[in-house]
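These numbers come from a predicted model, not from an experiment.
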Amino acid sequence: MNLISSTSRPWTRLRCGGAVIRTPPRVSTAVGFSTLSFPFYPHLLLDVSGRSFIASAKKKNSRSEPVLKPSITDEVSMDGDEDDGGVEDEILLEGFESDELIEDDEDYDDEYFDEEPETSAGDGAGGGGICLAGTAWDKKALQIAEEVVVSFDGELGIYAFKTLLNATIQVRIERLTNKSGSPDMTDIEAFSRKYRTQLDEAEANGSIPANVSLEVSSPGVERIVRIPEDLERFKDRNLYVKYVTEITDTVPSSEFDGIFRLISFDSEARSCTWGLADVRVNREKAGKGRPLNKKQKEWRLITPVDSLQLVRFYSEI
């Protein structure tokens, strides 16, 4: 008689580039009349590469970061050698809803992924800064983290620190000795090991509760730049910039955005001079397949520091 038996294993939490991914339970199926056994996965497998990334699944009504009305960079056009050949083909996808893939399972994303909240400056996560839950132990946990990072002699720093009510500590560290500010896996492992040892000692003497969970990661591919302290540090990076124009008696304040490179930062005048970044979204304004033209390369924007609403790394990946 052919017998088929199966056993399941519980959910596993994978941490990849700052994101926690829940993978579906693995079910092992064995056929009774054979010595062979093989894994059977009832759900789609997640291919986790070696690169840092953030995985998310959102319903059709989820909002991504809004694209503002045409920015001032759209006004930078060609030198006069424009032709109709520069018009790009557009592919319009209409009427395509995520429900067509998920069918009747409206809770698909809730089942497999933890949807991350929108990043904001100082949120203790992707936006950097410190965000404490207000527990009796979170200030002690922060103190220990700051003592640990000092032991790395200025090579590492705390980009973000956050405590949660479920006894979880989330730390994002940065490397202070390279241009990107990103730590490697050796840095993350070294900090985690030292911090975990100090937390265990604090648990033993009752300073923090037992079984505190620790999550350590990098700032992320599109880290938020702290204003104004990190502007000069990352002036060679391609940056997404959201800013507002000054309010006058005749013109109300307006919000704009663009992909720029910081040309200079005047700390005394508290102003920034920006140029267009050499990225695809800017090059396409000159025509398909063309580089930045002379007018685009010479274009400059001066903004007061106080007008900057958001500055973060921009990645074309």
Side-chain angles (χ1 to χ4, degrees), residues 12-22 52-58 62-65 109-110 113-152 155-176 180-185 187-203 206-227 229-230 233-234 309-313:
T12 302
R13 292 173 66 85
L14 263 179
R15 185 153 190 84
C16 199
V20 176
I21 306 173
R22 298 176 64 208
S52 173
F53 68 93
I54 297 177
S56 63
K58 297 184 178 180
S62 296
R63 292 190 307 108
S64 58
E65 182 174 313
D109 56 339
D110 295 330
F113 299 95
D114 293 327
E115 186 172 333
E116 293 191 352
E118 185 176 349
T119 299
S120 60
D123 62 4
I130 297 172
C131 182
L132 304 180
T135 65
W137 54 268
D138 50 15
K139 291 183 179 179
K140 180 62 176 179
L142 174 60
Q143 177 188 340
I144 296 173
E146 291 172 338
E147 292 172 355
V148 170
V149 82
V150 168
S151 68
F152 287 91
E155 294 187 354
L156 299 182
I158 296 176
Y159 171 75
F161 184 93
K162 187 174 186 178
T163 57
L164 305 178
L165 293 176
N166 64 350
T168 298
I169 301 173
Q170 297 175 338
V171 188
R172 299 194 183 208
I173 63 171
E174 60 178 335
R175 174 157 278 279
L176 303 176
S180 68
S182 297
D184 55 26
M185 284 304 301
D187 296 328
I188 293 176
E189 291 172 358
F191 177 86
S192 299
R193 190 181 307 110
K194 285 189 176 182
Y195 191 27
R196 181 74 263 179
T197 299
Q198 296 297 320
L199 289 176
D200 290 343
E201 294 179 1
E203 289 181 10
S207 299
I208 63 174
N211 300 320
V212 167
S213 175
L214 174 62
E215 299 174 358
V216 179
S217 62
S218 65
V221 177
E222 295 186 338
R223 65 174 288 173
I224 290 180
V225 176
R226 290 167 293 212
I227 302 171
E229 53 265 37
D230 281 346
R233 177 185 177 190
F234 297 120
Q309 302 295 298
L310 174 68
V311 179
R312 63 166 171 78
F313 284 11

Check: E203 side chain, V212 main-chain N or O, donor-acceptor pair, under 3.5 Å: yes
Donor-acceptor pair, distance only, cut-off 3.5 Å: does the side chain of Y159 make one with the backbone of R175? no
Flag if over 12 foreign heavy atoms under 6.0 Å of CG, N211: no
Keeping to residues at least two apart or across chains, list the salt bridge (Lys or Arg N to Asp or Glu O under 4.0 Å) pairs with something in residues 128-146. none
I need the [X] [atom1] to [Y] [atom2] distance, nearest 0.5 Å.
X    : Y    : atom1 : atom2 : answer
D123 : I130 : CG    : CD1   : 12.5 Å
T163 : I208 : OG1   : CD1   : 11.5 Å
S213 : N166 : OG    : CG    : 7.5 Å
I173 : I158 : CD1   : CD1   : 9.0 Å
R172 : R223 : CZ    : CZ    : 10.5 Å
I169 : K162 : CD1   : NZ    : 13.5 Å

Can you list the residues that meet the ring-ring contact (aromatic ring centres under 6.0 Å, His included) rule with F152, with sequence neighbours excluded? none
Given the rule in the salt bridge (charged side-chain N to carboxylate O under 4.0 Å, His left out) test, do R196 and E189 qualify, once you have shown the distances and angles that lead to the verdict? CA-CA 10 Å; R196 181 74 263 179; E189 291 172 358; over 6 Å; no
How far apart are the closest heavy atoms of [X] and [Y], and which atoms are they?
X    : Y    : value
F313 : S180 : CE2-O, 3.6 Å
I144 : Q198 : CG2-CB, 3.4 Å
A160 : G124 : CB-O, 3.4 Å
A167 : W137 : CA-CZ2, 3.7 Å
P219 : G181 : CG-O, 4.3 Å

Quick one: do V149 and F191 satisfy side chain to side chain contact (heavy atoms under 4.5 Å, CB included)? Show the steps, please. CA-CA 7 Å; V149 82; F191 177 86; 4.3 Å; yes
Listed partners of D184 passing side-chain hydrogen bond (donor to acceptor under 3.5 Å, both in side chains), at least two apart: none
Please work out which of the three classes, parallel, tilted or perpendicular, describes the rings of Y195 and F161, given edges at 30° and 60°. tilted
